[in-house]
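Protein chains get the first letters and strands the later ones, always in sequence-line order, with residue 1 at the start of each.
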Number of protein chains: 2
Amino acid sequence: MRLSELSEQSGVKTATIKYYLREGLLHPGHRVTATQAEYDESHLRRLRLVRALIQVGRLPVATAREVLSHIDDDSLGRTIRLGAALWSLPHGPDPDEEAPETAAAREAVERLLDRIGWATSQEIGSLSPAHRSLVSSVATLIRLGYPCDVDYLAEQARLMHQVAVQDLDMMETHPTESEQVEIAVASAVLYEPLLMSLRRMAQEEESARRYGL
Amino acid sequence: MRLSELSEQSGVKTATIKYYLREGLLHPGHRVTATQAEYDESHLRRLRLVRALIQVGRLPVATAREVLSHIDDDSLGRTIRLGAALWSLPHGPDPDEEAPETAAAREAVERLLDRIGWATSQEIGSLSPAHRSLVSSVATLIRLGYPCDVDYLAEQARLMHQVAVQDLDMMETHPTESEQVEIAVASAVLYEPLLMSLRRMAQEEESARRYGL
DNA sequence: CATCGTTGGAGAGTGCCACTATCCAATGAT
DNA sequence: ATCATTGGATAGTGGCACTCTCCAACGATG
């Protein structure tokens, strides 16, 4: 398949595909002559994944490249590969250590983890982007005076754990490691807006149920 | 308080505050002389909300202005106000009607809503940004060949409904309508990254539980 | 009263980023 | 032989969130 055909089938302009090639988001085609290259299904699939990461997942191009490199890297074991891929995903801003609310937020998160017994998070917690992002979010809520008590958080955490169980179950239905890492990334990036859509629809539904239309 | 004091207390540069004033994200201060204005606590609070919406919630400035205008508008009833605020929030891309996967996605979503009995979503569903965004997400997943069966979606939807119940319970703890609308917006925008942080931490926890460290 | 640093306002400018248009030499179809 | 097309490199575009510069008007100080 030529570049222009790849463009037609994917719906992505040739100029944009060239850009992705240059940025290393897409592996080069097989050079047929000095000025022509051949692309195949793997390019089409990767291109669609790139578009999904960038357009649906809103990843910056540089981040997408990093994430993809982890998916491709089969020199490491699954756990490391998975962790590397997930930790390179974008996350909220880091906690502002200057702000006084950060300390309170950190304590609240600690109490939360204690309550629900997430041992992993407590040990390596301060390193995990998700943990730092959580502290930052809680600090923001405290600063704005929104409620954010441990009971509420614990209940939501419990629900998110059930979501995670579903996620991992789904991941396990895929055989190869590469696919599992890819689906873990997809789970984090593509299913996220899906879940948030479901949450908003649920809010609309529940709101209608309580207050009428 | 002067503009420069407001800047100090909020940690936002004066130039940026001026920009927000110009863009209508912040109501003007009380003019004391021809060249000086006085700001108060309401400005500080609003400024923090603006920063949270833009930095944590990643809202474009124009969208933030629209959302804030709905929070301020007390000429409408709560339901309308709430809906207007939530519907003006950013959502994923609209479904691509050209793509063949969109039809399948729409059908899958319909089956899902049927299964879990969200009447509201079925009636006004095609209008809701959340519904359109969900169809778009499902279409993307189908196109990439990721699993997205109705059983999985139904389970996640059930969990998201429980999340929404928590959300609305929390909203009801606030007395005034303005506060309720504000907290609904905060719930959609600020608690979203919080929930996603919890999901990723839960994935890390569950992953460690299944496969070790 | 003169002076000089500070303030608020307005418009132009900056930096970043995801593309995108242009150009060029080498092909490949006719 | 001719000429549109292809892949590759480079420079440019447009949008956005600020941010810089300038200016007239204060207002505290000597």
Asker: Name the nucleic acid region contacted by B/Ser4, choosing base, sugar-phosphate or nothing; use a 4.0 angstrom heavy-atom cut-off, strictly under.
Answerer: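 Sugar-phosphate: the residue B/Ser4, judged by heavy atoms under 4.0 Å, touches backbone atoms but no base.
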Asker: Under the side chain to side chain donor-acceptor pair (under 3.5 Å) test, which residues partner A/Arg2, sequence neighbours left out?
Answerer: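 Scan of A/Arg2 (side chain to side chain donor-acceptor pair (under 3.5 Å), adjacent residues dropped) gives A/Glu38.
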Asker: Check side-chain contact (heavy atoms from CB on, under 4.5 Å) between B/Ala154 and all other residues, then give those that pass, not counting sequence neighbours.
Answerer: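 Checked B/Ala154 against side-chain contact (heavy atoms from CB on, under 4.5 Å); matches are B/Leu112, B/Arg115, B/Ile116.
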Asker: Could I get the full list of side chain to side chain donor-acceptor pair (under 3.5 Å) partners for A/Thr173, not counting sequence neighbours?
Answerer: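 Scan of A/Thr173 (side chain to side chain donor-acceptor pair (under 3.5 Å), adjacent residues dropped) gives none.
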Asker: Atom CE of B/Met1 and atom P of C/dG8: how far apart are they, to the nearest Å?
Answerer: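 So the two atoms are 12 Å apart, to the nearest Å.
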Asker: Side chains of B/His70 and B/Asp73: any donor to acceptor distance under 3.5 Å?
Answerer: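 Judged by distance alone, the side chains do not pair up.
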Asker: Can you name the residues that form a side-chain contact (heavy atoms from CB on, under 4.5 Å) with A/Glu182, not counting sequence neighbours?
Answerer: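 If we apply the side-chain contact (heavy atoms from CB on, under 4.5 Å) test to A/Glu182, skipping adjacent residues, the hits are A/Arg45, A/Leu49, A/Ile71, B/Tyr146.
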Asker: Once you round it to whole Å, what is the distance between C1' of D/dG7 and CZ of A/Arg2?
Answerer: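 Atom CZ in A/Arg2 sits about 11 Å away from atom C1' in D/dG7.
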Asker: Identify, with sequence neighbours excluded, every residue that meets side-chain contact (heavy atoms from CB on, under 4.5 Å) alongside A/Glu8.
Answerer: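 Here no residue qualifies.
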Asker: Could you pull out all residues at least two apart from B/Thr102 that satisfy side-chain contact (heavy atoms from CB on, under 4.5 Å)?
Answerer: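 side-chain contact (heavy atoms from CB on, under 4.5 Å) check on B/Thr102 returns B/Pro95, B/Glu97, B/Ala99, B/Arg106, B/Val135, B/Ala139.
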Asker: Could you list the protein-to-nucleotides 10-16 of chain C atom pairs, N/O on both sides, closer than 3.5 Å?
Answerer:
from	atom 1	to	atom 2	distance (Å)
C/dG11	O6	B/Arg22	NH2	3.3

Asker: Please list, by residue number, the residues of residues 36-61 of chain A whose heavy atoms come closer than 4.0 Å to an atom of DNA chain D; answer none if no residue qualifies.
Answerer: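 Only A/Gln36, A/Ala37, A/Tyr39 qualify.
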Asker: Given atom CZ of A/Arg31 and atom C1' of D/dG7, what is their separation to the nearest angstrom?
Answerer: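 After rounding, the reported distance stands at 7 Å.
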Asker: Please name all residues satisfying ring pair (Phe, Tyr, Trp, His ring centres under 6.0 Å) with A/His30, sequence neighbours left out, ordered by chain then number.
Answerer: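 Listed in chain order: nothing, the list is empty.
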